[in-house]
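First the proteins, then the strands, lettered A, B, ... as listed; each starts at 1.
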Amino acid sequence: MKPDAFCLSDGTTLDALINTDTREVSMRVLSDAEIYNLEMDRIFGKAWIVLAHASEIPNPGDYVTRDLGQDPVIVTRDKDGRIHVSLNICPHRGMRVCTAEAGNTGIHRCNYHGWAFRSDGSFVGAPVEREKMHGDVFAKESLGLVKARVSLYGGLVFATWSHDGPTLEEFLGDVKFYYDMLFCRTDSGLEALGPPQRVLINANWKTAGEQSCVDGYHTISLHRYLLDIGQYGGIGDEVYANAPAMYGVDIGTRQGHGLRCIPPENTFSAIMGGRLDGLTPDERLKILPPPGITPNLLPQLRKHLSDEQVRLLAEAPPQAGGFFPNILWVFIYAPNAEGEFVGALGLHSFVPRGPDHFEFYTWFFVEKDAPEDTKQKMLAMSIFYMGSSSTIEQDDSDTWPHMSSNAKGPQGRKQTLKYGALVGENKPQGWPGGGFVYEGFSKDDNQWQWWLAYRDYMLAGKTS
Amino acid sequence: MKPDAFCLSDGTTLDALINTDTREVSMRVLSDAEIYNLEMDRIFGKAWIVLAHASEIPNPGDYVTRDLGQDPVIVTRDKDGRIHVSLNICPHRGMRVCTAEAGNTGIHRCNYHGWAFRSDGSFVGAPVEREKMHGDVFAKESLGLVKARVSLYGGLVFATWSHDGPTLEEFLGDVKFYYDMLFCRTDSGLEALGPPQRVLINANWKTAGEQSCVDGYHTISLHRYLLDIGQYGGIGDEVYANAPAMYGVDIGTRQGHGLRCIPPENTFSAIMGGRLDGLTPDERLKILPPPGITPNLLPQLRKHLSDEQVRLLAEAPPQAGGFFPNILWVFIYAPNAEGEFVGALGLHSFVPRGPDHFEFYTWFFVEKDAPEDTKQKMLAMSIFYMGSSSTIEQDDSDTWPHMSSNAKGPQGRKQTLKYGALVGENKPQGWPGGGFVYEGFSKDDNQWQWWLAYRDYMLAGKTS
Amino acid sequence: MKPDAFCLSDGTTLDALINTDTREVSMRVLSDAEIYNLEMDRIFGKAWIVLAHASEIPNPGDYVTRDLGQDPVIVTRDKDGRIHVSLNICPHRGMRVCTAEAGNTGIHRCNYHGWAFRSDGSFVGAPVEREKMHGDVFAKESLGLVKARVSLYGGLVFATWSHDGPTLEEFLGDVKFYYDMLFCRTDSGLEALGPPQRVLINANWKTAGEQSCVDGYHTISLHRYLLDIGQYGGIGDEVYANAPAMYGVDIGTRQGHGLRCIPPENTFSAIMGGRLDGLTPDERLKILPPPGITPNLLPQLRKHLSDEQVRLLAEAPPQAGGFFPNILWVFIYAPNAEGEFVGALGLHSFVPRGPDHFEFYTWFFVEKDAPEDTKQKMLAMSIFYMGSSSTIEQDDSDTWPHMSSNAKGPQGRKQTLKYGALVGENKPQGWPGGGFVYEGFSKDDNQWQWWLAYRDYMLAGKTS
Amino acid sequence: MTATKTSSEGTASAPETAGLIPMNSPTYIDAANFLFTEADLLDELQYDAWLALLAEDLRYTVPLRQTRSRADQAQSVVRTMKHFDDNYLSIKARIDRLNTNSAWAEDPPSRTRRFVSNIRVYTTDVATELAVKSYLLLSRNRYEHSSMMFISGVRHDRIRRHGEGFKLVSRDVIIDQSVLGMPNLGVFL
Amino acid sequence: MTATKTSSEGTASAPETAGLIPMNSPTYIDAANFLFTEADLLDELQYDAWLALLAEDLRYTVPLRQTRSRADQAQSVVRTMKHFDDNYLSIKARIDRLNTNSAWAEDPPSRTRRFVSNIRVYTTDVATELAVKSYLLLSRNRYEHSSMMFISGVRHDRIRRHGEGFKLVSRDVIIDQSVLGMPNLGVFL
Amino acid sequence: MTATKTSSEGTASAPETAGLIPMNSPTYIDAANFLFTEADLLDELQYDAWLALLAEDLRYTVPLRQTRSRADQAQSVVRTMKHFDDNYLSIKARIDRLNTNSAWAEDPPSRTRRFVSNIRVYTTDVATELAVKSYLLLSRNRYEHSSMMFISGVRHDRIRRHGEGFKLVSRDVIIDQSVLGMPNLGVFL
Ligand code: FES
Ligand code: FES
Ligand code: FES
Ligand SMILES: [Fe+3]
Ligand SMILES: [Fe+3]
Ligand SMILES: [Fe+3]
């Protein structure tokens, strides 16, 4: 009795979960195990997923173990420098091949019976060669580790189980123009400051996923402490009144990726004051360089970016954005405890671990060619603002579990997430980039786009 | 493919779970997740559930957070003194609105994006008013917290998700006559000694639920220590032989509520001896007042109770009873460690937390107008006999998990709970109260009524 | 809507899980809850399962509590010395009757309401006899504990819920000839060194089950340390080259039981050298007696075993084997830390505890008539090689959870366990025993037989 | 600072230096050993021997904890409702129960371990009495459970010199949970 | 041996006997009481009082842990990435946050208990400074959670004499998890 | 009282005052530091250094625990069956294994922490030997597990003076579980 692929076992249809008229999403999607399993196939089995940064495995033989959706994988660099992503499950009897989180080896030998695999996942052989313990059913060629399709962007290692789906280029679509300003702007590019922090969160991955694209509005309430301590220059009420940092440009896409561009002076009006008024892009960039860009690197920007990108980077740089389904990156313009404008560059991954849990990964980046001293300052500042001990994000990680547990009860799972407040497309005159552009107060447009993309994946193949 | 509402996915019909011929209940009901989910809708979504006592939130703005079934709610008192029960889930994005267990505030502001709600659950607004972040889909009036229907009895706050079901009065039915003797007998009534104890039990809520109505028989075995230390005046064998405290009057109802009335001298024959023989109700009440009633309060009884109620209270007072589905109250006549007859008044709630867990709540009560010294003595005695460290109930809380885990195995889930020993209705001549009355040894009549009520809820709407 | 008994709810048929052409088993069987529940009925509800050794309960009234599949049982010896296995669930309200792991009593009284049962499970009565609290629905005769069918072999207590299935003799089939050499070779037989060790493993029971019959090949990789420390006489490479201990005779059966017979000199060539060449069975047994057999017991072997059995025991004794579905026994020939050849006899049970957990039991045995000093040395050596702190098996217990979690992901559950390397039946000339006999390198033949037996149980009754 | 004052506040007013007795003082050592001996006795089910360490004017209290906002922290320790509110006689009655053969909740007994650390000993306004502050981590295991149940907290004790040793005069335990994770408090803290 | 050297190694080089101060020495006792007082202050949410115990040249670090093969154990403590990499000003900024009325992650506050044991105190190359090694088991409970969250590790501290007491000069905490089991490190270790 | 006698009883007979050595005695301090050093070495995977602390006549035992009725408590500690029943040579063999590159169960190694508390030291009938009783809470974490595995118990040790330090002569650990919650005892207690 094959169940209907677009209908849950209680008779609810998948498209009934997302009401496109009222822009509501049933909270049931945050707790339902059946829906979760479909997501693992239809989203994490199809989309391009960020697993690592190439700088984590600089040398041949280097590897790290990660999870692509809920499946363990090995991310390796082979002797020719090519990066591979292979399922970390032995084709023999299902043992985990690599049990460490990182290391360097040319041969991955499974502990259980000793089957060995190369960095590219291909099968070497089984111990006691003469006995042909790999059997006579399958040729050695077909006994390698299951490979994922791999593609890099700005050093980020993307992988997907879909070998015939869209290319990474197609997957990224319009956001590439914007993200290049952050990930592809210098000769040597970014490097990761070591491996990611890992934290288990007792919540469904989408509580963080929907927020990642790009809930600007929650800042003044959930992260209200930023205002209460005068971070945004000014004290409580006044700040709320004009909520400066809430104004900027949101960009969304059909693919579910989205970002926010905010004139830095909006965020730090008090600090920057009028100092930036009427300056050229280059003058602005000198005074308030993007996080990670040091004077020696400034010239490189024009080498890698178009005039329009440079202007945007100077006047309304991207400050937060995501890759559908489970990535959030944040580029923070802010002074450190000493008052220096150091800035922080971080990226999060929300790795599903069942309907009620996800793992919260945090990577920090610096420009490879930045001075060591700058790198150390950015590490400290990134830690202060992002990840496990972050003064900002600890509020998020305490919030997600509430949403998830609220979605369990018979009443709770009937409630909805609402995206009622839209700006509506209003692309400014001569705006250089693509995507759906929403200028003004940061509202629900982008997050709603995220859910529409989610819906596309879940209903793919449906002939309504 | 909509499943049959009265049939489990393995083909078992719901009414096959309770055999009305042999009075057996399949143990599967103690562990099956599918059955549990139906209970959440059909029982905890429909019945009146006790959440709190009004004395816990005496002042305007006071609130406590509780759970109505498996959904979090806020129990508030508004500025006009009215009590409200609202779903503690933000209509915006599902965050928990109140994160504390208790407090006082006129406005409940959600941390996540700052949406604010009044004590009555109505929506105040979203931050940055001018941006209308509550959206244009729903009117402000419709963005309040989901409200439950509320009704009070003897200070107990009952709530239900069923807005068109029976009134609390109808729900209580015949037991009101009896329960008034405990909850509605004095001018100022009862007050709760602070918030309830909370303990998580690794068992299905019904292991405690079926026992609560009213398993008198387990006392001589599970709480045998009471006899072994001579609590009931007498040593082991002799006590078992006549098992005095096992004789009294059980009252059951079609609604599943039930109680036991026991002449106190049965319980404490040795202590009371013949002292009570042939006395008038008032003389009896002077010598052995009901738990919580002090001499200064005695006169009030007649003001609030009928002659018949007073007589019953004097001769065969209610000592234990419940509200279907998940409440047990106990009024204990017993001497404290110093030998004083202090008495204890307590109420338990068994709050479901999934098929294998429930939360065990314990409230203690005193008469609001009792002397402070009496209240303190009752607190100590209540703690000794009821709740987390109770010398009696720790035996119950160690038993429930055994029943629940026994119901998991393939053989275990096929076994049955049996209710084979009935007294049968035998209402004594001129018995003043209603309900099904069973005089004599405490047998299975009442607990079987509980299961019939359970069956009514689960099969409601079934046109057999 | 009764589901198809041989089809999972997602439409997958049970026989699609085991591909008899390619000899692959879907990893889904290691994590799927639906499959697990079917196993509890079709395998643990039907097969003969080892619960204890008779020597654990030598005296009338002795009992131990164990689990038969996922159901708790009491294993008792009645006043006449007969052994009984009864469900440890009270027929009254489902409480656990025996809450201790072991003890001695003629009457098992349930704490909850005091119903009492004899060692044979029969119902004695309920407290306050005159009130007939066992009810009027069922006769006392029918209120006893649910009994399992019991049969002993070599002191091992087997039980099954199937009262009309094959006898234990039929269930054992051809392996009896071989197992007699270990369990039935002396006048007094084996005795257990106390109760079993118990360890919870976060893995599906079959990760250990399939390995138990009889994965010889994993020794040189997973237990490679044995080679690295020269246990097998020789250092790494050389040992791998000829992998001596990998050669012997595997015997499998249609029932899923299987064992390995290995000439001891293969294992300890370096140590034994040529010393055993061309000796008679008796001469060999003197020099290298089977684990547990001391000189005083040698003569008894011929009393209990046939010439053929004695010869096999001398030249190619069984060293590891199992009882389908969840038992592994190991008879170790090895020197202890002092270099003495002491040997160890152990038996494991893998008791299911849900799809993702099993309990790992370990019993150790000695010959009842062996000297106390030998027993103590065997205890120490058994602990060193088997069970919780075992230098060998801790590698297995760290491996099983990896396999189980790997089987959860959407890709992982699609992978397969492979049994591609077969020796093929090649019973040596004049081989005395039955079963499928595979001489040579230890390959996948036996484990594949295990899965075929698994398949038989799961598809029993299917009319393809 | 005295144990009573401290406990009546619900939380200790730290840092407490007034009257702090150094760890190398025989008084501190006797007090610490008193706590260890007490832990031994309870972990080894020697209830009567433990009872013998209690003063007849004992006050033994375990208030409730509640989740309250930072601003309302004073109310996070609830004393109108408690888990224990005992005196010598009621504790003795609990032990009388344990000494029957029918105290099922602890028969079979739990396997417990009372880890006592962060011990501070203070003089009090009564010459023969000491205030003792200690952290308690109680691990408890029953039946075939593969994971431990834990309860953690701080204990504010007052002990009184009695011959060679001490008697426990008062104990107030501030536990760290609003919802207990063990089915009952059938064990003493 | 000095706290700095130790921590820079990531794991302590044991056994450390050089400069070990005996437990009956007043210096050891003062240092131990400093750790206990500090635990009290953090467990009782007295952040400002705790801040007052920190030196202005403080280094406060919590490196990452990674699962690495035995041969690669040196890399199991990761210092290129950390959970904390703070100085006095950044810790002060964290406390400024906690002192607002909107530090939601710790409002309502967690109920924590810092069990400090295995304490060793060492002299250092600086006369006024001590190296202190201690094991920390932090239990943390929030909301209605019935089970405790735990974090365990070893702390390598350096403390400096300051009037009657000490100031914390550096703390490096080697924790025992690669994946944290608590949603954040909103509490100090 | 001696460690041997105690351990052979399975549970310590408390209170043990005979021969109790005060905490401010150098002997107590040396013994306590011995336990801490030992914990360091094991937590830091320095197995050979730990082996060097064991006497060649070592007895190292961990009996089984069983759930038995209160009346049968004597049988709750099972000595006919054990988790460890080792001597110096078998412990050395275990460490030889750990020193290969193929002791997978502990490679990658667990991240452990041995919290030692409730320490009591006693003189014994042998002048050069001490009986040491301590509580052990072992936390163990592996791979990406977000929760800790714990094992708790009491250790009855006997240690012997050896030059500046001690050697462990016997250790008997009474653990608190009938069913272990960690997959193996690949770590020493
Ligand atoms: S499972 Fe990997 S080699 Fe067998
Ligand atoms: S979820 Fe409550 S305001 Fe957004
Ligand atoms: S459940 Fe056993 S006697 Fe009632
Ligand atoms: Fe945020
Ligand atoms: Fe009861
Ligand atoms: Fe093995």
**OP:** Look at the side chain of Asn446(A) and the backbone N and O of Ile251(A), then say whether any donor-acceptor pair between them is shorter than 3.5 Å.
**Re:** yes

Original post:
Pick from Asp444(A), Thr13(A), Asp215(A): which one has the most heavy-atom pairs with chain B under 4.5 Å?
Top reply: Asp215(A)

Subject >> Top contributor to chain A interface from Glu131(B), Arg93(B), Met95(B) [non-hydrogen pairs under 4.5 Å] >> reply: Arg93(B)

**OP:** Name the option with the most non-hydrogen atom pairs under 4.5 Å to chain A; the candidates are Gly114(B), Pro91(B), Gly69(B).
**Re:** Pro91(B)

**OP:** Could you look at Asn37(B) and say if it's the side chain, the backbone, both or neither that has a heavy atom under 4.5 Å from chain A?
**Re:** side chain

Original post:
Which one of Met27(A), Arg413(A), Gln415(A), Lys443(A) has the most heavy-atom pairs closer than 4.5 Å to chain B?
Top reply: Lys443(A)

Subject >> Aromatic plane relationship, Phe324(A) with Trp450(A) - under 30° parallel, 30 to 60° tilted, over 60° perpendicular >> reply: tilted

Original post:
Which bit of Phe138(B) is near chain A, if near means a heavy-atom gap under 4.5 Å: side chain, backbone, both or neither?
Top reply: side chain

Original post:
Which answer fits Leu68(B), side chain, backbone, both or neither, if we ask what part of it has an atom under 4.5 Å from a heavy atom of chain A?
Top reply: neither

**OP:** Considering only heavy atoms and a distance below 4.5 Å, find which of His134(B), Met133(B), Arg109(B), His92(B) pairs most often with chain A.
**Re:** Met133(B)

Original post:
Between Asp356(B) and Lys408(B), is there a side-chain N and carboxylate O pair less than 4.0 Å apart?
Top reply: yes

Original post:
Can you tell me how far the CG atom of Asn204(B) sits from the OG atom of Ser404(B), to the nearest 0.5 Å?
Top reply: 5.0 Å

Original post:
Do Phe436(A) and Trp448(A) have their ring centres less than 6.0 Å from each other?
Top reply: no

**OP:** Determine the option with the most heavy-atom pairs under 4.5 angstrom with chain A, choosing from Val146(B), Leu87(B), Asp71(B), Val137(B).
**Re:** Asp71(B)

Original post:
Does a donor on one side chain sit under 3.5 Å from an acceptor on the other, for Gln447(A) and Tyr217(A)?
Top reply: no

Original post:
With respect to His108(B), which candidate in Phe123(B), Tyr63(B), Trp115(B) satisfies the ring pair (Phe, Tyr, Trp, His ring centres under 6.0 Å) definition?
Top reply: Tyr63(B)

